[in-house]
Peer 1: 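Let me give you the structure first, and then I'll get to my questions.
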Amino acid sequence: MISRNFKNVLVVSIGFLSLFTAYGGLQSLQSSLNAEQGMGVASLSVIYASIILSSMFLPPIMIKNLGCKWTIVAGMACYVSYSFGNLYPGWYTLIPTSVILGLGGSPLWSAKCTYLTISGNVQASKDNKKGSDVINHYFGIFFFIFQSSAVWGNLMSSLIFGQDTSISDIPEEVLETCGASDCGLTIEVNSTSSKPAQKLVWTLVGCYIGVGVLAMLIVAIFLDNIDHQQTSQFRDNREPFCHTFLATFRLLKDWRLLTLIPLTMYSGFEQSFLSGEYTKNYVTCALGIHFVGFVMMCFGATNSLSSFLFGRIARYTGRATLFFFAAAINFACIIALLFWRPHPEQLPVFFVFPALWGMADAIWQTQTNALYGVLFPRDKEAAFANYRMWESLGFVIAFAYSTFMCLEYKLYIVLAVLVLSMITYPVVEYYEHKNPTKPIEQATYENHKKTEESDIVSQTWM
């Protein structure tokens with residue numbers, strides 16, 4: 001027996017789990033599977049450039065017109081289109097579907113964050129708890145379930161690609177170019193020898209399309225439309241288009257948001273490094289593409305478990321302690337990666353780095369999302385749109401220099417952004433500690449469910 005708000009959190013989480021089982025698996029493989037002329041990495045760069053564009057105006061418009069639920073469904077459809085583009089990968093299929101995915105990406109994530117924040121505030125008011133604690137808890141549950149998508153998506157790719165009979169040992173002269181010891185720009189010519197058969201690629205992408213469509217059905221059928229009254233009122237009393245269009249930019253007048261930009265961009269830098277650089281220059285180079293899935297499964301498993309753990313203990317430790325802990329983990333990993341020379345005989349080490357990276361990423365994801373929800377309760381749509389915009393800018397920059405900058409310098413850039421983030425973030429945290437932001441009251445949202453006398457519903461309630 002669970003509350004209706006908690007049920008909705010589970011539905012959103014399972015929907016995203018299914019959707020990103022497909023997208024996460026494809027993203028991990030792009031730098032290795034579609035390595036010709038940097039096509040895979042270019043498609044990822046286009047995705048996040050499009051997310052930046054959509055973050056500027058689409059989230060407030062879509063959420064206020066469609067509501068959170070149907071914005072999530074529409075965004076998921078955009079993600080599924082990218083899987084179709086990977087059936088026959090080429091510049092004319094990957095780039096257009098990357099643009100479509102990017103345009104739907106920011107509304108999807110902004111709607112999800114808005115939905116969880118509304119649910120957390122409503123539940124906190126009913127249980128007489130602190131809003132930020134319930135929001136933290138809900139984001140922890142979401143990322144616990146969502147981040148496990150890396151396990152299932154990469155398990156699918158490793159099991160399917162593992163059936164390839166043409167896998168061969170990697171020669172020593174190739175192993176000498178792996179890691180930061182070499183520039184790392186010519187790995188793609190070595191990975192083609194271990195590229196799986198086209199039939200196996202089609203099988204994998206077909207499975208990804210199936211789980212993506214399943215995600216859309218789960219959300220469309222089982223998720224409550226909790227903000228439908230607000231969207232109806234918005235459509236009846238429509239604000240000027242330019243007012244909604246500029247909502248994302250108006251929030252940039254808040255110095256707290258500007259100060260959080262380095263931290264938000266770092267989230268993009270660190271995720272793109274693991275999925276784009278570590279998988280190509282360490283795993284594919286030294287072990288082969290069929291190992292990418294297993295290594296990223298390790299990242300997904302620790303990320304998922306850590307998200308749940310840190311979402312619960314944040315109320316005892318505070319955000320700042322967790323942020324500095326994550327920074328220490330990433331700092332140590334970056335220094336180690338600068339000196340490590342990967343070799344197949346060191347197999348366990350290939351899993352240690354993504355495990356530690358997953359633990360740190362769990363903190364960046366859960367706590368940064370929760371921080372935005374706490375700081376900007378009255379401008380949630382615009383706040384989370386800004387979050388996606390600046391995080392995506394980090395992705396775009398990282399993927400853009402991926403094809404021409406040596407690995408060593410990429411590591412230095414990630415390290416520099418991390419240090420800058422840990423200088424600017426504490427300023428916002430200190431100000432929030434001295435001047436706490438008041439959460440929005442339940443009354444703002446409770447009208448949509450006057451009939452909520454059945455506060456406790458079963459897990460199978462529709």
Side-chain angles (χ1 to χ4, degrees), residues 1-13 59-60 63-64 67-69 71-72 109-145 219 222-234 251 254 256 307-308 310-319 366-385 387 429 431-459 461:
M1 303 293 285
I2 58 175
S3 70
R4 178 169 291 144
N5 286 312
F6 190 78
K7 185 272 296 185
N8 286 327
V9 172
L10 291 180
V11 172
V12 171
S13 303
I63 294 172
K64 289 183 176 181
C68 291
K69 173 179 177 176
T71 300
I72 290 173
W109 282 92
S110 298
K112 180 272 300 180
C113 293
T114 301
Y115 196 99
L116 294 187
T117 302
I118 291 174
S119 299
N121 280 324
V122 171
Q123 195 62 40
S125 179
K126 293 168 64 174
D127 295 343
N128 199 25
K129 293 181 179 179
K130 190 177 178 182
S132 60
D133 288 343
V134 180
I135 292 171
N136 261 324
H137 180 50
Y138 279 1
F139 273 104
I141 293 169
F142 170 81
F143 281 104
F144 166 63
I145 297 174
V219 174
F222 297 106
L223 188 65
D224 288 344
N225 200 2
I226 64 172
D227 58 346
H228 69 88
Q229 278 209 350
Q230 284 72 33
T231 56
S232 298
Q233 291 170 5
F234 176 79
L251 200 58
D254 193 319
R256 296 174 301 169
S307 295
F308 180 73
F310 294 133
R312 293 189 69 87
I313 69 173
R315 71 186 70 176
Y316 306 112
T317 62
R319 282 186 301 268
T366 58
Q367 299 310 306
T368 308
N369 275 282
L371 178 60
Y372 269 74
V374 170
L375 292 179
F376 311 105
R378 287 164 180 79
D379 299 287
K380 293 179 294 298
E381 300 92 342
F384 289 121
Y387 173 85
E429 192 65 72
Y431 182 84
E432 177 64 17
H433 176 70
K434 292 295 184 181
N435 306 277
T437 303
K438 291 183 179 180
I440 253 179
E441 295 300 323
Q442 180 187 359
T444 308
Y445 308 111
E446 65 184 355
N447 290 335
H448 77 282
K449 289 288 182 188
K450 289 281 188 183
T451 59
E452 200 155 301
E453 62 270 6
S454 56
D455 178 39
I456 304 299
V457 295
S458 69
Q459 195 163 357
W461 184 89

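In what follows, every heavy atom counts, from backbone to side chain, and hydrogens, waters and symmetry copies are set aside.
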Peer 1: For N136 and A370, work out which heavy atoms get closest and say how close.
Peer 2: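 The pair with the smallest heavy-atom distance is OD1-CB, 3.0 Å.
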
Peer 1: What heavy-atom pair brings S110 and T114 nearest, and what distance separates the two atoms?
Peer 2: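 Minimum heavy-atom contact is O-OG1, 2.7 Å.
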
Peer 1: Minimum heavy-atom separation for A385 and P59, please, with both atom names.
Peer 2: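 Looks like CB-CG, 3.7 Å.
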
Peer 1: If every non-hydrogen atom of T71 is compared with every non-hydrogen atom of G67, which pair is closest and at what distance?
Peer 2: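 Taking every non-hydrogen atom into account, OG1-O, 2.7 Å.
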
Peer 1: Does R319 use its side chain to pair, donor to acceptor, with the backbone of L371 at less than 3.5 Å?
Peer 2: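 Checking the backbone N and O of L371 against the side chain of R319, no donor-acceptor pair under 3.5 Å is found.
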
Peer 1: So which atom in G120 and which in V134 form the shortest heavy-atom distance, rounded to 0.1 Å?
Peer 2: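 Answer, listing the atom of G120 first, then V134: O-CG1, 3.5 Å.
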
Peer 1: With N8 as reference, evaluate L116, N225, D224, I118 under the side chain to side chain contact (heavy atoms under 4.5 Å, CB included) test and give the passing residue.
Peer 2: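 It is D224, the one option of L116, N225, D224, I118 that forms the side chain to side chain contact (heavy atoms under 4.5 Å, CB included) with N8.
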
Peer 1: For the OG1 atom of T437 and the CG atom of L375, what is their distance to the nearest 0.5 Å?
Peer 2: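 One finds 5.5 Å between OG1 of T437 and CG of L375.
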
Peer 1: Nearest 0.5 Å please: distance from the CZ atom of F376 over to the SG atom of C113.
Peer 2: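 Nearest 0.5 Å value for the CZ-SG distance: 13.0 Å.
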
Peer 1: For the side chain of K112 and the backbone of V12, is there at least one donor-acceptor N/O pair under 3.5 Å apart?
Peer 2: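 Looks like no, no N/O pair under 3.5 Å.
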
Peer 1: Less than 4.5 Å apart, side chain to side chain, heavy atoms only: is that true for N369 and F142?
Peer 2: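 When only atoms from C-beta onward are counted, F142 and N369 do not touch, as no gap falls below 4.5 Å.
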
Peer 1: OH/Y387 to OG1/T368 distance, rounded to the nearest 0.5 angstrom?
Peer 2: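 Taking OH in Y387 and OG1 in T368, the distance rounds to 5.0 Å.
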
Peer 1: Under 4.5 Å between any side-chain heavy atoms of W109 and F384, yes or no?
Peer 2: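 They are not in side-chain contact.
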
Peer 1: Just how far is it from atom CD1 of I145 to atom CZ of F308, taken to the nearest 0.5 Å?
Peer 2: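 Here the rounded value is 9.5 Å.
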
Peer 1: State whether the side chain of S119 and the backbone N or O of Y115 hold a donor-acceptor pair below 3.5 Å, judged by distance alone.
Peer 2: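 Yes, the answer is positive, given that a donor and an acceptor are paired below the 3.5 Å cut-off.
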
Peer 1: Rounded to the nearest 0.5 Å, what separation is found between the CG atom of N5 and the CG atom of L10?
Peer 2: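 That separation rounds to 11.0 Å.
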
Peer 1: Can T317 and F310 be said to form a side-chain contact (heavy atoms from CB on, under 4.5 Å), step by step?
Peer 2: CA-CA 9 Å; T317 62; F310 294 133; over 6 Å; no

Peer 1: Measuring from F222:CZ to K7:NZ, what's the distance to the nearest 0.5 Å?
Peer 2: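 It comes to 9.0 Å.
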
Peer 1: Of K130, K129, Q123, which is the lone residue that meets side chain to side chain donor-acceptor pair (under 3.5 Å) with D127?
Peer 2: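 Going through the options one by one, the only one that passes is Q123.
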
